[in-house]
Structure formats: C-alpha cells, structure tokens
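Some notes on the structure that comes next.
Note on naming: letters A, B, ... go to the chains in the order of the sequence lines (proteins, then strands), and numbering restarts at 1 for each one.
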Amino acid sequence: MISRLLSALITLLGVITLVFFLIHFIPGDPVEYILGDSARPADRNALRLQLGLDQPLLQQYSSYLINLLSLDLGRSLHSNQSVTALLAERFPATLELALAAFLIAVTIAVPLGVMAARRRGTAWDSSAMTMSLLGVSIPNFWLGPMLILLFSLWLGWTPVSGREQAGSLILPAITLGASLSAVLARMVRSTLLEVLNEDYIRTARAKGLKESSVIWRHALMNAMLPVVTLLGLQLGALLAGAVITETVFSWPGIGSLLIESIQKRDYPLVQGCVLLVAVSYLLINTTTDLLYQLLDPRIRTP
Amino acid sequence: MDKPVLQINNLTTSIGRGGDRVVPVSNVSFQIRQDETMALLGESGCGKSMTALSIMRLLPPSAEITDGDIMLEQSHLLDLSERAMRAERGGRVGMIFQEPMTSLNPVMTVGRQIGEAVKLHDADNRKRVMERVEELLDDVGIPDPARRMHEYPHQLSGGMKQRIMIAMALAGRPRLLIADEPTTALDVTIQAQVLQLMKQLQQQTGMAILLITHDLGVVAEVADRVGIMYAGEIVETADVADFFSQPRHPYSQRLFEALPTPQKRNRPLQAIEGQVPPLNAEFGGCRFVDRCPYAQTLCREQIPQWRGDQNSGYRCHFEDAGSSDAVATEEFELAEESIQGDTRAQALLDVTDLKVWFPIRKGVFHRTVGHVRAVDGVDLNLSTGKTLALVGESGCGKTTAGKGILQLIRPTAGSVMFNGEELTQLKGRALRKRRADIQLIFQDPASSMNPRMTVEEIIAEGLVVQGVGREQRQLRIAEILDQVGLPGDAVGRYPHEFSGGQRQRIAIARALILEPQLIICDEPTSALDVSVQAQILNLLKELQQQRQISYLFITHNLAVVSYLADDVAVMYLGRIVEQGSVEQILDEPLHPYTQALLSAVPVPDPDSKREVIRLQGDMPSPANPPSGCYFHPRCPQAMDECRRSYPAGREMDDGRRLSCHLV
C-alpha cells in the first residue's frame, strides 16, 4: 500500500512538471488575452508584475509546487477566482456525465456481448459485432451533432445544449457512452467465449445446471475479471476525454473549462484541470485493483 | 446385479458435416450393471471421451449423435427433452474429469459448487444444503470439512480437488458415475487414494462406474470388465481377468507388448508402428489393418464381424490371431557388451550438495522473508553411457534440479562437476560452449519448439551457435533425421505438421545434432501414448548404445524407469532419500517413501496381491519443510528421532545411499 502511494505521488509530480513546462512553451501570452492587442506596454508590464509572470520560469515552478503542498492551486489569471473553487463548480457536471455514459455503456454492452457469445456465428452475433464496429469508428464530434440534429432539432425531444434543462444529460451521455459500449461489448464477447471453453463450464453443465445459470453464474463472473480492468481505465478516460463531447454540447464540465483555459493561457487553471483528471485516474485505478481483488479469490487469499 | 444400469446399443456420433465429417464414435455397444466398473481403454483420439460425452448429451455444438440408443435403467436418454436430460445430468449420471485443477470454478467456494448440485438433485436436503455439503465432503475424505467448504479451489491440492469433484457427482446419488481419466493428472500416491475412494463409494452405493483410461495398470486395479476402443470402435470386451491372461484382439496384444517392464530391459519394445487412421473416411475393412502384424488381404477387403457376445468378444477375422507364434517377434537383441556395460565406467557428472533456493519477497523493499527450497542439497553421480533416473512426485524439485545442473537456473550452492569441469563457475562464452555437451529434451515437444521455424531451422540453430558452416549443417541434419527415423523431406516442414511422437523425434534430433555427452530428459514420454512411448524409448536406447550418451532421466513413471535406467535416485521435497542401482531400488526399496511410491503404482496384472502403502495427505510446501526428516508427517513408520533430526545420507553395504533413521 505504501509503495502504491509513493508511486502515485511520483506520477502526479511528473504530470505537474510536464504540463507546467509544456503550457509555458506554447506560444502566446496571457496578458495579451486579458488586455487585448491595443494595450500600452506599461500596463502590460504592470499586469505581468502583478501576476508574477515576470519571474524566471523555474522560480514560478517551485513556488507553484510549494503552494501545492498546502493544497493551494492558485488563482485564475483571468477572473482572479481561486482555481479550487472553479474546479469544484465544474467537476460535478463532468462526473455526472461520465457516470451516465458509463452506465449506458455497461447496460448496453454486457447483454449485447453475452448475446453475441451465446449465439456465436449466427446473424445475431454478426449484427451485434457490426453495430459495435460502427460504435468504435464513429467519432464523437460527428455523432454529437447528428444526435442534436435528429433528436433536438427535428424531433424536439431533448434540449440542444447546456445543463440547465431536464433531459439535457441524455444526448451527451449517449455520445460519450457509444464508443465505450462498443469496445466493452467486444471484450465481453471474446472473454466469455474463452471462458465458455474452460473445463469448469463443462463441470457446471455436467451438474445439470440450466444454460442460463451456467452463463450468468459461472461464466460471466470469470469473464468479468479482465473486463473490470478495462472498465477502470475507460472510466478514467471518460473523465478526461469528455473534452470534445462537452464542447459540442456546451456542457459546463472540466473538459470545456480546460479548453477555455488553454485558449486563454490561464496557466494555473490548466494545471488545476490536468491535476484533477490525473488524481481521478489514480483513484479509479486503485479502486479497480481493490475491486479485482474482491472478485478474484486467487489474489485475495493465498 | 442382473439389470444393466447403462445399456448402449450401436451408438454413432459424428462431428461436422459434408467433407469435413469425422466419426469419432462408431457403432459402439456395451452395458454396465450395478456394482460394476467397466473400463473403456484406448489411446488418445480413439473416441473414449466422445462416448462419455454422448451419454451425458454434452457434445460440442458441431457434434451430433446420428444413430443408436442409450438406456439408463428404464429411460432412453436420447429421447428425453433437454429439460428432462438436465435432471439426469448430475442426478442419475455423475461425471468427473481428467483435470481437477481446471474443472472447478476458480471464483466460487467449493461448498457453493457442491451446494448447487444438492439444490438441483437432492429434494430431501434442499432445506439443509450446507449441512449436506459437509456430509458429502466428509464422505470423500476431506479433513475438516466445515472449514474446507468455504475455501476456493486454488487453496486445495490436486487430490483434494478431485475429491471435491467426486463429492459434487455424489450429491445427486448417481446410479452411474462416468470417470474420464480421473487420476491421469495426479501423482501415483494420490492416484492410489482416489481410486480407493471410488471403490469404497461404489461398495456403499452400488453405483455403476464407467472408467475411461489409457492406463492398463489402473484397469487391472479397479475394473471388473474392460472395453478396448480403437479408431472409434470397440474392438474387444472382456472380463478383466480374461483380458489380462489372454487379450484376443491384435491391438490389445500390441498394447501389452508396448508396455515397458523390467523383463524387457534387454530388448527393444514392440512399438505399434504407424498411426490411427483418420476417422473421416468409410472403412472397407478392419480399422487396425495398417498396423497389424497379422494382416491379410481379407482384412483389407472385408469389415470383420464381432465374435462372441456383447460382454465378451472381439472384432477380428481370425479367431486366434497372434496367439500362436505365427509371426516371429523380431527380437533384435541389443548388443551384449553394452548391457553388461563397463563396470569401471568413467564418471561424467558429479553433483554435490546442489541447492536451488528461490527467495520469497515481501513488502515495499521486497525484503527476503524466506526461501522456497526447491532443491535442498542433492548429490548425484552419472557415468558415461549410463542412465540415471531421477524420480519423484510433482513439486519435489526434480525439474529444478535438472535446470540447476544445466545452469539454466544458477544454483544457490553446491558443485556440478561435468567431465572434471566445475559448471557453476563457468560464465558467458565458456558456459555456452560447454552447453553443447549437455542437451535437454522436454515433456511437451509441441510447446518447446518455435511454431514459426521449420524443422531445419530448429535443428540447425544449435549448429549455427557453434559456428558450423551451411553445407556442413545440411549434411549433418540429413544424417540426424535419418537416425531418429524421420523422413528427409521433414526439413522444410513446421512442427505442427507432425504427430506427437514425431515431434519428440524432432526434439531428440535437435538435442543430438551437437553430439552431446549428456542429455537431460524431462518427462520425455509422459505426453505420449503407450505405443508411441515405446518408439521413443527404443530410439533413446539405441542412440545410447551407438554413441555412449548418458541420460539424466527425470520422470514419475516407474515403468519407464524399470525399463531404461541403470541407477535410480528418489527425490522427496528437494532432497534425495535413496539412490542405488535400478534392481536395488525397484526390487528391494529400503526407504519408506520409495516403498510407498512403488506400492502405489498400479500393476497391469489383476492377480497381483500387492499391498498398497497408502500415504496420508499431500507433500508439504518446500517453503516450510517439516522439522526432522521431511517425510516423517506422512511416514507410516515414523519414530521420535524422525521428528527431531534429518537423517544423514549413508552408504549401505550393497552400495546404495540412503537417508533414513529406520534402517
């Protein structure tokens, strides 16, 4: 456990360092964004001094780290609001979207994968796999607008964008969940097919169990072991990768915040967003490991 | 005793359709009565398991039963609905399988897995499932069942898992138990326990047992009647006593002749040449004709009729094929001098106090908290042109010892002198050069060869390393292929194009090409059928004679040892407990473990009245060996002294080495 914590800290430090220097090397100046092109050089210098941007990069870096030790993420260069407050305001939206997408993916993928595996080689199997191939190949920036066109503009069933109205979660969640459910369905199918060839499945059948009990009780439990690992990684990717979907649907989450802050070269805010995503990733991975231990007695008990 | 529990008539099962259609079970008929054990004997691919799965109606999706009738007591199983058949599976018909290690669901406690069967098939106990599970575990001899039922399969040993499988089958109070190679994956001492358990349960319940096996010894041990299968057909059925005194079908006779025994030491084994015919064609004659030494034109042109009745008979054109010495058995005697051997043979390999320990690491800094003492002080001597067998049960460290000698794993301590050179001190180029003299043959030839390399590339690799030129290589390869009995056109083909026996020949060719002085053979025949095993053993013996190669033969198969070895070392939990000549060890074992090991081997003779010394429990973990003599917790004759100190190895009057306080 201690070694895991240690490696998590090293990972985080690496992420912070990398992001800090990369964002500073991108051409562009936050002062220019705040004051505009026509500002006088004196005003610019004054603002630069005020924001601490005049100091050498290494010093900025070390003072950022020192502040971080007391959990101070700094203030937005633009709005002067604390980064922590901004993140706290936006994170629930991202979490909500990620979980909804995740749930949609799992509810579609597991039954679909099981069905395809049980009817291997039939038309059911091939149409399920064709659907999933489509799901993987269609990019979010195309699927999102198409869904808006169909359900919001033509049918008028759902709101176009934003998060204020009821039902506004549906389309972004489907957009985000589609590709995950496609990957997941394929994986459920292939691991289940593998497990169905195992000797203990033959034992379960020889016991006189119904085929449905054989599948859901004996096979799926074992097939889920590798799937859980994938799920953990994917949930992390959902939290981080909602950038496009959030932008398409103007969803007020971390993804759109990140895009905005990069555009404005709002350094502390960019770092705060990335740090938050990294921490969530680490947390989810640890949870996945623990869950895996819970599911697999071979790891839990010596 | 009169009414048959199982009656099979003209069962035919086929797999696939059209041109790919294979018929693995063809026109099979037999019956089993109450209290009776019928063995279905045959080599791999002859249709035994498919017959069993047909009875259970658990065939793979591509297979179907195309003809015949299966009656279990009064019911025609093939007419039942799937729903009604489910009630029979695990109910009146229980089944256990070859691999107890993989036959249990790894993420479910064994108690729950047995409980499922109780809930399905035992209406009386549906209210008290867990109590019933405990009783069942007790019945199959699991110690401390209340605790064990909450454990997962990986926490139990192989023998215990097979007991769990038996308990699961017993939950439905079966009338018929189908046991598909139930002890093949187990060590002999554990095999003896499981076979005895099956016998004892049969006496209590009167169930009929269909035992599927390839081991004549197991048949002699537990079966009442036997059916021999060859290429999808039953070619002979008989009472066990009759079968062992006078096998009627030429195939049955060949099986006996292919068995390695001490009596056959001085001559080659009678291998059954050729292979089982493919089962996708119509047969116009006898299926064994291509491998039968008595075959005549008639055998090719007409399908032989069954002689006798269903319980005792055989399928052959001739009434007494092979019983007269119609065909002289070619006993090309091995050269006399090599058998006598040179008693003053030069020592080739001298291993002293070899230790291979694996550290157990824990915590953040991977501190070493203990050691798995896989090999814990082993002494071995091997002379030029001789064979030393290293025997012991799985997990005793025999394979690790072999690797330690070869320096594939660097030994923790000890010395390995090979031709007067200390191998443990050699490094880099010098070690690689020396390795050419010591070669290795593995158990599973299929997985020990790169599937994407041709036979030529596989064999040539060693020569390339040693810097032999291209033309020279081709010459040597052609020569070696001829010697191991492979066709010359094998060079351009890939390993998967060959049968198991042929692949082992490739492995031998690969080892031989470097003209080694020592070959370490790690269970080289245990993945092979008896008839093929005989071919490989013959080849190894012949090569030894021609080239004075020494073999370190790592095996658990004592029949092979008795046929091939000059000296035997018996290993238990990382240490040699007894070492001597093959006659000393096999005929007059002194160590209680050697005695128990030998007594547990089933003898292919139903009249042998040997007493099996049954060892309790399993081998302890080499990470935490018992105090005193490692064997004392399982030793039937342990004394106080055995608990206190490990007995030092002593040389006995007859020259053998022994580590035991008793003698």
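Distance alone, capped at 3.5 Å, places no donor-acceptor pair between the B:S103 side chain and the A:Y200 backbone. When atom types are taken as modelled, the side chain of B:H121 and the backbone of A:K207 share a donor-acceptor pair closer than 3.5 angstrom.
How far CZ of B:F97 is from CG of A:D199: 8.0 Å, rounded to the nearest 0.5 Å. Atom CG in B:N105 sits 9.5 Å away from atom CD in A:E198 (nearest 0.5 Å). The CZ atom of A:R205 lies 13.0 Å from the CE atom of B:M95; values are rounded to the nearest 0.5 Å.
For B:A117, the parts lying under 4.5 angstrom from a heavy atom of chain A are both the backbone and the side chain. Residue A:L209 touches chain B through both its backbone and its side chain, counting heavy-atom pairs closer than 4.5 Å. Only the side chain of B:L58 comes within contact range of chain A, judged by heavy atoms closer than 4.5 Å. Only the side chain of B:M165 comes within contact range of chain A, with at least one heavy atom under 4.5 Å from a heavy atom of that chain.
Heavy-atom neighbours of A:W124 CH2 from other residues, nucleotides or ligands within 6.0 Å: at or below the threshold of 12. For A:M131, the CE atom is loosely surrounded, since the number of other residues' heavy atoms within 6.0 Å does not exceed 12. Counting heavy atoms of neighbouring residues, nucleotides and ligands inside a 6.0 Å radius, atom CZ of B:R126 exceeds 12 of them. Environment of CG in B:D144: crowded, with over 12 heavy atoms of neighbouring residues, nucleotides or ligands closer than 6.0 Å.
Among B:E116, B:M168, B:M56, the residue with the largest count of heavy-atom pairs under 4.5 Å with chain A is B:E116. Put simply, of B:Q98, B:E99, B:Q113, the one with the most heavy-atom pairs under 4.5 Å next to chain A is B:Q113.
A:P297 and B:V107 get closest at one heavy-atom pair: CG-CA, 3.6 Å. Considering all non-hydrogen atoms of both residues, B:P106 and A:N222 come closest at CG-OD1, 3.3 Å.
The shortest side-chain heavy-atom distance between B:M108 and A:R217 falls under the 4.5 Å cut-off.
A cation-pi arrangement is not found for A:R298 relative to B:Y152, the charged atom failing to lie both closer than 6.0 Å to the ring centre and inside a 45° cone about the ring normal.
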